[in-house]
S.K.: 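Shown below is the structure under consideration.
Remember, it's 1-based here, ligands and their atoms both numbered in the order they're listed. Sequential numbering from 1 along the given sequence is applied to the chain's residues.
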Amino acid sequence: MNEHADPSAASLDTVEGWFDPLDQVLFAWFLEHQRKSGVRGHLLELGAYMGKSAILLGGHLREGERLFVCDLFGDDASTRANQRENERFYTGVTEDAFLANYRRFHATPPTVIKGDTSLVHTRGLSGACRFVHVDASHQYGKVRADIGLAEDVLTGGPGIAAFDDYRSPHTPGVALAVWEAVLNRGLNPVCCSRAKLYGTWGEAAPTRAALAEAARGWRFAEVFEEDLDGRGLLLVKPHGRTRLFAPLPTGSP
Ligand SMILES: C[S@@+](CC[C@H](N)C(=O)[O-])C[C@H]1O[C@@H](n2cnc3c(N)ncnc32)[C@H](O)[C@@H]1O
C-alpha cells in the first residue's frame, strides 16, 4: 500500500459519491490481503450510487470472481423513511449513469441487481462472497436486514463487511444496527475509520494484527488499538495534513 504522487491516481475523484481516500486504501488492503491469504469469493455492494466504491471493488476481481451491485437506481423504496432519504440525498441516480461511470474504468460491467437489497437473497449468493459493502439505506430496519444479508453471503474465510456511516450524526439508525450486531449478532469488528466500520463473522484477530502491522508503515495514517469490553478494534485515521491519493483500480480481470 502506498501514497501516489501521480495525479492520474486521483481519477476516482471524477466520480461523484462518498468514499474517503482512507477507506479506498482500506478496501484495497482488505481485498489484497484476502488475495494473498487465498480467500476467494464474489464481491457485493449494497448501494452503488454513481459507482465510486464499485469501481474500486471491480479493480480487485480475480479469475472466476464477480462483482454484484444492488441499488434501487431511482425505483421507489418499500418504506416511507427509505423513500424520504432517497429523495433527499440520491435524486438523479440511474443505472445508466452508474454503468457509464463504471465503463470508464473497466471493460466488463458488474452484475446489477436493480431494486431493494432484499432481492439479493434470490441470487443464490449464500457463503459465496468474500467482501460486502453495506451502503444502501441508512434506516435502522433496512440496515439491520442488510447486516443479516451480509452475514449470509460472506464466506467463513474470513469474509469482510464494511458498514458505511456507522457513526455519522445524521445516521443514528446505522449506528444502532451495527453496534447491535457487534453486541448480539456475532459481528467481530476489525477496524474503523471516520466513515466505516469493518468486521467479520469469522475470526477478527489475525486480520486485525496484519492490518495493524501494515498500517504502522503508512505515512498517511495513524493507528490506535482499542479494547471494547474485551473485543479488539483498530482505529485508523488520516495522519496530520498528508494529502492522500488512493490506489487506482487495476482493471477488470
Ligand atoms: C450512500 S449511496 C451509495 C454510495 C456509494 N457506495 C459510493 O461510495 O459512492 C446509497 C445508495 O443506496 C441506494 N439505496 C437506498 N435505499 C436502497 C434500498 N432499499 N435498496 C437498494 N438500494 C438502496 C440509493 O439509491 C443510493 O444510490
S.K.: Mind listing the side-chain donor-acceptor pairs of residues 168-179 below 3.5 Å, one per line with the distance, residues two or more places apart or on another chain?
M.R.:
unit_1	atom_1	unit_2	atom_2	d
S168	OG	D165	OD1	2.5
T171	OG1	D165	O	2.8
T171	OG1	S168	O	3.3

S.K.: Atoms of ligand 1 less than 4.0 Å from S53 heavy atoms?
M.R.: 5 (C), 6 (N), 7 (C), 8 (O)

S.K.: What protein heavy atom sits nearest atom 4 (C) of ligand 1, and how far off is it?
M.R.: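 Going atom by atom, the protein heavy atom closest to atom 4 (C) of ligand 1 ends up being D135 OD2, 3.3 Å.
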
S.K.: According to a 4.5 Å side-chain heavy-atom criterion applied to Ile, Leu, Val, Met, Phe, Trp and Tyr, with indirect links allowed, do L31 and V69 form part of one hydrophobic cluster?
M.R.: yes

S.K.: At less than 4.0 angstrom from any non-hydrogen atom of S137, what atoms of ligand 1 do you find?
M.R.: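 Close to S137: 15 (C), 16 (N), 17 (C).
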
S.K.: Could you tell me, atom by atom, which parts of ligand 1 come under 4.0 Å of a heavy atom of N82?
M.R.: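 Those atoms are 15 (C), 16 (N), 18 (C), 19 (N).
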
S.K.: I'd like to check which ligand 1 atoms, numbered from 1 as shown, lie under 4.0 Å from a non-hydrogen atom of A48.
M.R.: 5 (C)

S.K.: Would R144 and E180 pass as an ion pair if we require N to O under 4.0 Å?
M.R.: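 Counted as a salt bridge, because a side-chain N and a carboxylate O are separated by less than 4.0 Å.
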
S.K.: Treating Ile, Leu, Val, Met, Phe, Trp and Tyr as nodes and any side-chain heavy-atom pair under 4.5 angstrom as an edge, say whether L43 and L56 lie in one connected cluster.
M.R.: yes

S.K.: With sequence neighbours excluded, tell me which residues meet ring-ring contact (aromatic ring centres under 6.0 Å, His included) with Y49.
M.R.: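 For Y49 the ring-ring contact (aromatic ring centres under 6.0 Å, His included) partners, ignoring immediate neighbours, are W18, Y90.
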
S.K.: G47 to ligand 1: N or O pair under 3.5 Å?
M.R.: yes

S.K.: What do you reckon, does E45 put a non-hydrogen atom under 4.0 Å from ligand 1?
M.R.: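 Contact check E45 vs ligand 1: positive.
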
S.K.: Should D75 and K114 count as an ion pair when the cut-off is N to O under 4.0 Å?
M.R.: yes

S.K.: Between E32 and R35, does at least one N-O distance fall below 4.0 Å, as a salt bridge requires?
M.R.: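 Yes, charged N to carboxylate O under 4.0 Å.
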
S.K.: So which protein heavy atom does atom 26 (C) of ligand 1 come closest to, and at what separation?
M.R.: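 The answer is D71 OD2, 3.5 Å.
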
S.K.: Would you say the side chains of K142 and S118 form a donor-acceptor pair under 3.5 Å?
M.R.: no

S.K.: Taking the minimum heavy-atom distance to atom 14 (N) of ligand 1, which of G51, A136, A145 ranks first?
M.R.: A136

S.K.: Do you reckon F68 sits in the same ILVMFWY cluster as Y102, going by side-chain contacts under 4.5 Å, direct or chained?
M.R.: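 Unlinked, F68 and Y102 end up in two clusters.
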
S.K.: Any heavy atom of A77 closer to ligand 1 than 4.0 angstrom?
M.R.: no

S.K.: Would you check if the side chain of K237 reaches a backbone N or O of S193 as a donor-acceptor pair within less than 3.5 Å?
M.R.: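 Side chain of K237 to backbone of S193: no pair is present.
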
S.K.: If we only count N/O pairs under 3.5 Å, is K142 in contact with ligand 1?
M.R.: no

S.K.: Starting from atom 2 (S) of ligand 1, locate the nearest protein heavy atom and write down its residue, its atom name and how far away it is, to 0.1 Å.
M.R.: Y90 CE2, 3.5 Å

S.K.: Considering the heavy atoms of D116, write down every atom of ligand 1 situated less than 4.0 Å from one of them.
M.R.: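 Ligand 1 atoms under the 4.0 Å threshold to D116: 18 (C), 19 (N), 20 (N).
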
S.K.: Less than 4.0 Å between a side-chain N and a carboxylate O, is that true for E226 and R231?
M.R.: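 Not counted as a salt bridge, because no side-chain N and carboxylate O are separated by less than 4.0 Å.
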
S.K.: Within ligand 1, which atoms have a heavy atom of N86 less than 4.0 Å away?
M.R.: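 Result: 15 (C), 16 (N).
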
S.K.: Which residue and atom name correspond to the protein heavy atom nearest atom 17 (C) of ligand 1, and how close is it?
M.R.: L72 CD1, 3.4 Å

S.K.: Under a 4.0 angstrom heavy-atom cut-off, which atoms of ligand 1 come close to K52?
M.R.: 9 (O)

S.K.: Any heavy atom of G115 closer to ligand 1 than 4.0 angstrom?
M.R.: yes

S.K.: May I ask you to list the atoms of ligand 1 that are less than 4.0 angstrom from any heavy atom of T117?
M.R.: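 Taking each heavy atom of T117 in turn, ligand 1 has 20 (N), 21 (C) under 4.0 Å.
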
